[in-house]
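None of the values given here were measured: they were computed from a predicted structure.
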Amino acid sequence: MPSSLNSNSIVSIFVPLAGNQKYELFSLPNQVLPVKYQINNRMGNKLLSYSSITKKIVMALAGLFLITFLVIHLAINLLLLLNDKGAAYSGAVEFMTTNPLIKIMEIFLFGGFAVHILIGVTIQIQNWMARPVRYKVEGFSHLSFFSKYMIHTGAIIFIFLCVHFTNFYFVKLGWVNPPAGVGKEDFYQMANLLFADKFYAILYIVLMIFLGFHLHHAFQSAFQTLGLNHTKYTPFIKAVSTFYSVVVPLGFASIPLFYIFIK
Amino acid sequence: MDFTLKIWRQKNAKAKGKFVTYKVKGISDSSSFLEMLDVFNDQQVTKGEDPVVFDHDCREGICGACSLYINGRPHGPDDSVTTCQLHMRRFKDGDTIVIEPWRSAAFPVIRDLMIDRQAFDKIIQAGGFISVNTGGIPDANAILIPKQNADASMDAAACIGCGACVAACKNASAMLFVAAKVSHLALLPQGRAEASARVQAMVAKMDELGFGNCTNTGACEAECPKDISIENIARMNREFLGAKIGSQKKTVKAGGF
Ligand code: HEM
Ligand code: FES
């Protein structure tokens, strides 16, 4: 742990363990704040005490996990395109919501999102602090254009995630009321209603474009972070990265496009 | 050639700086950027004004002393050269040139365009060396080193520690510098012995000094006057992870993960 970091934090998230024990999952340390705003308390600080490389490696692993998840999510969504009144789609949703293995994976998925986002925001704040005075003429040397806007595209994905959860997952949990006349597990009807709304459909397509921007840099960046940069494999990884960042968002967007133009 | 210069002026480390616009006239197109600044400073002194302070030493691209963020690029518009090797013919007559110091929390401005790069020295002191004298030149082939490693090591050793990577990076990250230093030693048998302790200590120091986190934008590689590749960063990440996983408990005082 870098010695300049003390153990003060602003917020900490603990997981209660048996007895009085607790495990500190995340803490937003004082160091992200200018000195005069730092709060002194005695809570530990875990996240920032990890080295920059470890943070990036964990973030890359979480990101790659999310990338695999997106493929599965897409495969299920594409069933909406079938002309079977949602039979296949509902079957898949049924499986995903009841299978115990998937239930376990769901925890990893939420964990993956949480870890990725928390580390992403933390390193971004540190990065802003690393350049307190900005240049008058901003640099344009970045080899990858989208790499400059990862926090912005990430934030847009995050907003989408919030909307998405309110529309589906929270309805299933019973936190949000389903649309009138629709069962709280009837994702097919919910999706139908949402995509029938032109505004939502277009918003969805726009958000998928931003997802593509994020993934275009993210996919290949994760491999570099993990230490895989090799004359033989890197060009291939970059090609797959570009392919993935176009095809997957396009796949997702094809569903609202289908609702707008065909259905 | 005549130029309009917009230069960052700052009295001392504490003072608030600002941009000041100047004119400079009669510059030869074959003078270097630093020679242009010399002419400009002459002009300042003759007028009884303060000359602009900037770092320089060898003026042949080998020491890493010169810096300057010129029109949005460290070391100016040319690839693979330092500011001292940049020629004024690279600009058009009458151009406006914005000159800023490197901007990083870890590189505070001392005065005008001069910055304090001791942070790099501190990273080297944390482990960027071989602790024992490795003797004179060994007999040819006494120590076998794959040509590939020797070349990669030599390429990394070309780093002159100027800090352009930090200046160019939107995160003000020092990863390329540290990776070059870690790599050039880790690739050779003499440096291998301490590789694990070295990478852990140097990365811990880098983090402590307030450099940003790498997000693989590649700006460092694009601006490095010595063309150090970000392959070195991947190598350092591998070295680091391997060192953390493989090191014995409490043998290395370089912190946890
Ligand atoms: C489906 C959702 C997402 C996926 C699949 C994803 C994937 C990735 C991957 C693989 C990386 C590269 C990691 C590395 O190089 O170490 C990355 C970087 C990043 N992500 Fe995400 N991400 C997602 C959502 C988000 C969200 C919601 C945020 C923040 C609010 C975010 C913020 C960032 C930031 C700041 C970076 C750092 C830039 C970099 O390392 O190159 N991401 N993402
Ligand atoms: S003055 Fe030595 S490298 Fe430019």
Side-chain angles (χ1 to χ4, degrees), chain A residues 1-5 31 46 48-60 119-120 122-151 154 217-231 233-234, chain B residues 6 8 17 19 69-74 98 100-101 103-106 109 166-175 199-200 203-223 229-242 244 254-257:
Chain A
M1 159 176 162
S3 57
S4 73
L5 297 175
Q31 284 77 17
K46 205 129 212 161
L48 253 218
S49 72
Y50 290 120
S51 72
S52 54
I53 298 181
T54 305
K55 283 195 292 258
K56 277 305 303 278
I57 287 175
V58 173
M59 188 177 179
I119 301 183
T122 312
I123 66 168
Q124 186 58 61
I125 293 173
Q126 288 184 317
N127 290 349
W128 280 324
M129 287 175 59
R131 174 156 300 137
V133 184
R134 302 188 59 169
Y135 291 112
K136 185 180 169 80
V137 184
E138 279 294 340
F140 41 83
S141 332
H142 302 275
L143 294 184
S144 142
F145 173 78
F146 298 122
S147 70
K148 279 177 90 166
Y149 304 106
M150 292 305 275
I151 191 66
H217 175 67
F219 194 117
Q220 51 83 34
S221 166
F223 288 91
Q224 164 79 5
T225 301
L226 294 173
L228 207 152
N229 183 325
H230 192 283
T231 42
Y233 311 112
T234 300
Chain B
K6 282 194 172 38
W8 178 259
F19 281 96
Y69 196 80
I70 302 161
N71 285 346
R73 292 186 68 181
V98 183
E100 304 174 65
R103 295 289 189 196
S104 155
V109 173
V166 178
C169 174
K170 78 173 176 65
N171 310 319
S173 165
M175 287 283 273
V199 67
Q200 298 183 63
V203 169
K205 197 51 155 188
M206 167 184 86
D207 289 347
E208 182 195 319
L209 291 167
F211 290 104
N213 304 282
C214 173
T215 59
N216 306 326
T217 68
C220 51
E221 173 181 78
E223 293 300 350
S229 155
I230 57 170
E231 268 170 55
N232 291 297
I233 296 182
R235 179 180 298 105
M236 174 163 75
N237 290 355
R238 291 200 294 278
E239 288 276 333
F240 181 84
L241 194 60
K244 285 296 179 196
F257 270 87

Please identify each residue that fulfils ring pair (Phe, Tyr, Trp, His ring centres under 6.0 Å) with Tyr135(A), with sequence neighbours left out. Tyr69(B)

Test Thr215(B) against Met150(A) for side-chain contact (heavy atoms from CB on, under 4.5 Å), laying out the working first. CA-CA 9 Å; Thr215(B) 59; Met150(A) 292 305 275; 5.8 Å; no

So does Ala167(B) get a backbone contact from the side chain of Arg131(A), meaning a donor-acceptor N/O pair under 3.5 Å? yes

side-chain contact (heavy atoms from CB on, under 4.5 Å) between Glu100(B) and Val137(A), worked out: CA-CA 9 Å; Glu100(B) 304 174 65; Val137(A) 184; 3.9 Å; yes

To check you understand the geometry: which heavy-atom pair defines the closest contact between Ser104(B) and Pro132(A), and what is its length? C-CD, 4.3 Å

Before giving the answer on side-chain contact (heavy atoms from CB on, under 4.5 Å), spell out for Lys244(B) and Ile53(A) the whole-Å C-alpha distance, their side-chain angles and the decisive distance to 0.1 Å. CA-CA 11 Å; Lys244(B) 285 296 179 196; Ile53(A) 298 181; over 6 Å; no

Tell me every residue that passes side chain to side chain donor-acceptor pair (under 3.5 Å) with Arg103(B), counting only those two or more places apart in sequence or in another chain. none

What one should report as the nearest heavy-atom pair of Leu226(A) and Arg238(B) is O-CG, 4.5 Å

Between the main-chain N or O of Cys214(B) and the side-chain N or O of Lys56(A), is there a donor-acceptor pair closer than 3.5 Å? yes

Which answer fits Glu231(B), side chain, backbone, both or neither, if we ask what part of it has an atom under 4.5 Å from a heavy atom of chain A? both

Checking Ser52(A) against Asp207(B): is there a side-chain donor and acceptor pair closer than 3.5 Å? yes

With a 4.5 Å limit on heavy-atom distance, are the side chains of Ile57(A) and Leu241(B) in contact? yes

Kindly compute the distance separating CZ (Arg235(B)) from CG (Leu228(A)), expressed to the nearest 0.5 Å. 12.5 Å

Quick one: what part of Gln224(A) sits under 4.5 Å from any heavy atom of chain B, side chain, backbone, both or neither? both

dist Asn213(B):CG -> Met59(A):CE (nearest 0.5 Å) comes out at 9.5 Å

When the 4.5 angstrom heavy-atom criterion is applied to Glu239(B) and chain A, the contacting part is neither

Beyond-backbone contact of Phe240(B) with Thr54(A), side-chain heavy atoms, under 4.5 angstrom: yes

Please determine, among Ala105(B), Ser229(B), Gly212(B), the option with the most heavy-atom pairs under 4.5 Å with chain A. Ala105(B)

Consider only side-chain N and O atoms of Asn216(B) and Thr225(A), and report whether a donor and an acceptor are under 3.5 Å apart. yes

